[in-house]
Amino acid sequence: MYNTLTKTKELLQPINPPRIGMYLCGPTVYAESHIGHMVGPVIFDTIKRFLRYSGYQVTWVVNITDVDDKLIAKSRERKIPMSQIAVEMTADYLANLRELGVNQIDFLPRATDHMEQIVDFIRKLQEKGFAYEADGDVFFEVAKDPHYGQLSNRSIDSMQGDGGEAAGKKRAAGDFALWKSARAGEPAWDSPWGQGRPGWHIECSAMSHAILGETFDIHGGGLDLMFPHHENERAQSGCCHGAPMVKYWMHNGLMRAGDKGKVGGKSDREADTDDVVGKISRSRGAGGLSDLIRRQTGERIRFFLLRTHYRSTIVYGEDGLDEAGTSLAAFYRFFERFAEVTGQSFYELPAPETRDQGAIDPRGDEALHECVALRDRFLAAMDDDFNTALAISTLFDLLRAANRHLDKHDLTAASSTESPAVETLRVIGGILRDLTAVLGLFRKPPLDQTTDRSDAELTSRLMQVLIDLRKDARDKKDFATGDRIRDRLAEIGVALLDKKEGTLWERKS
RNA sequence: GGCGACGUGGCCAAGUGGCUAAGGCGAUGGAUUGCAAAUCCAUUAUUCGUCGGUUCGAAUCCGACCGUCGCCUCCA
């Protein structure tokens, strides 16, 4: 895995194997999340799935920062309590995670639930001489940390900042707030330095320490957090405990708005240009994720994100999501054929817990032999810095091998479920189930993703009625009527697929 | 100004010293089909921003240049 700290790929050697502690910087919950916020959660969710599959026991923490200047500002603007905004936006964030299949998180600690730990942490830093108080504020003295700047590769001297609004109180411009004194009307907590609230950064140090300990294995976040956020976390934790905070630092690439107008819109900063090329952000008016999920699906978004290596920039465009949908549809079709032939739902196939258990003996079967080799390629790709893009390419190869097997043996619903060819199909399906589960894909059938359960049921029955009527017509060689049904359905975005085993249907985007 | 990333076929995207440069979308031809769709088969980059250099050998290393983007500002 690539370690941002050393700028090299390193062998993952957990501190206390088989346990792995993993921390991802979550959101400050002051507004609805946009697609860019999902990059980290999706890749880390996938990493955890893969590490578990590889035999590790992973504890994954994602923080919720629910006290912050932006939240205070929002609270004033909307004239409602900060806590209410935090609760609403946290719910929005979690709902989005759920839609994208991010369900591996073990702890979601909130900053406001850890005030005691935060205060203790700051007090300890002050006792050890790394922090100083100034007029109710407490600052971390960057010059006291010999390692400061290592992570983001910058020297204290090279930093140009003017110190911001607290410039007058700081000993050096690069010093940052651990605790901020409260002004009238602001949410505040008691502390040895008077009423106030934590600065940014400290909540992550305090909460990761509380849950994962002084030194843990993996810490991640977007590239934009490397400085100052992670640099400061690292300084606080390292100095407080006299031990390195994290063994492996991971940073995902950022998402960029590619096709103007669709996500971006214009921000004040960009108002004088036509292009909206740039990092996706709230200030650029990135749209709410929930709308996007309704328009596309959570699965498409997840697939879209995984299609690119996590350290690369992803250029966002809704056509990219459409393309992801096209790719996914090919898998969905195979799953239908799989169910027809084997009588088993792909989505309900049991997945082995670990890669050792999932190992298959090809028993001299040519198709199986190929699939086992592809499985190895998938795992090798994931072993090499979680290369999901490369891993996905083997999924397409696996899909083709599976369809070829189906075609070659002419497998249909009428095939004997006892035949060797069907048994092989089951094994191939099992491999696909296994690997796609590692990526968090295909948790449920596509129809269930777009509508609620009862609608899905009704739609399914209505479609069966139309398909039966068309079959009657075609059996009587009345192709005109048959085609008319098909054309009318095509007009409303439903495609029919005549297979040997019957007619299937699907939605077109 | 400082630090950093990137530039691979029509589009998306792996590969970072050596077999024929993955895979997806798209396109074209074929098998299949009543016709389609789907599926399968085949074709689709002598070439990896440009120019030099290192090397027996580079898309992969080095240098310059061009272009795009990020961080340095409490953005995932």
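Just so it is clear: chains get the letters A, B, ... in the order the sequence lines come, proteins before strands, and each one is counted from 1.
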Phe303(A) has an atom CZ; how far is it from atom C1' of C25(B), in whole Å? 11 Å
Identify whether any heavy atom of Asn403(A) sits under 4.0 Å from a base atom; if not, whether one sits that close to sugar-phosphate; answer base, sugar-phosphate or nothing. sugar-phosphate
How would you label the contact of Asn387(A) with the nucleic acid (heavy atoms, under 4.0 Å): base, sugar-phosphate, or nothing? sugar-phosphate
Starting at atom CG of Asp385(A), determine the distance to atom P of A14(B), rounded to an integer number of angstrom. 12 Å
Using purine N1 to pyrimidine N3 plus N6-O4 or O6-N4 for Watson-Crick, or N1-O2 and O6-N3 for G-U wobble, each under 3.5 Å, what pairs with C69(B)? G4(B)
Tell me every residue that passes side chain to side chain donor-acceptor pair (under 3.5 Å) with Thr412(A), counting only those two or more places apart in sequence or in another chain. none
Over all strands shown, is His309(A) touching base, sugar-phosphate only, or nothing at heavy-atom distances under 4.0 angstrom? sugar-phosphate
Output the rounded distance in Å from CD (Glu32(A)) to P (A76(B)). 14 Å
Nucleotide U39(B), atom P - distance to CZ of Arg337(A) in whole Å: 9 Å
Below 4.0 angstrom from OP1 or OP2 of C40(B), is there any side-chain N or O of Lys408(A)? no
Does Asp478(A) make a side-chain donor-acceptor contact with the base of G34(B), cut-off 3.5 Å? no
Are the aromatic rings of Phe396(A) and Phe331(A) close, with centres under 6.0 Å apart? yes
5'-most by nearest nucleotide on RNA chain B - Ile392(A) or Cys25(A): Ile392(A)
His201(A) backbone acceptor or donor facing Glu203(A) side chain under 3.5 Å: yes
Hey, which sits more toward the 5' end of RNA chain B by its nearest nucleotide, Leu390(A) or Arg311(A)? Arg311(A)
Report yes if the side chains of Leu439(A) and Phe378(A) come closer than 4.5 Å at any heavy-atom pair, otherwise no. yes
I need the CG-P distance between Leu225(A) and G70(B), as an integer number of Å. 16 Å
note: Asn252(A), atom CG; G70(B), atom P; distance rounded to Å ~ 16 Å
Taking atom P of A76(B) as reference, at what distance in whole Å does atom CE of Met89(A) sit? 14 Å
Any-strand Watson-Crick or G-U partner of U39(B), both distances under 3.5 Å: A31(B)
Send over the distance from Asn96(A) CG to A76(B) P, rounded to a whole Å. 14 Å
Establish, with yes or no, whether the OP1 or OP2 oxygen of G23(B) is under 4.0 angstrom from a side-chain nitrogen or oxygen of Arg377(A). no
Touch check for Asp68(A), heavy atoms < 4.0 angstrom, all strands: base, sugar-phosphate only, or nothing? base
At 4.0 Å (heavy atoms only), tell me whether Lys477(A) reaches a base, stays on the sugar-phosphate, or touches nothing. nothing
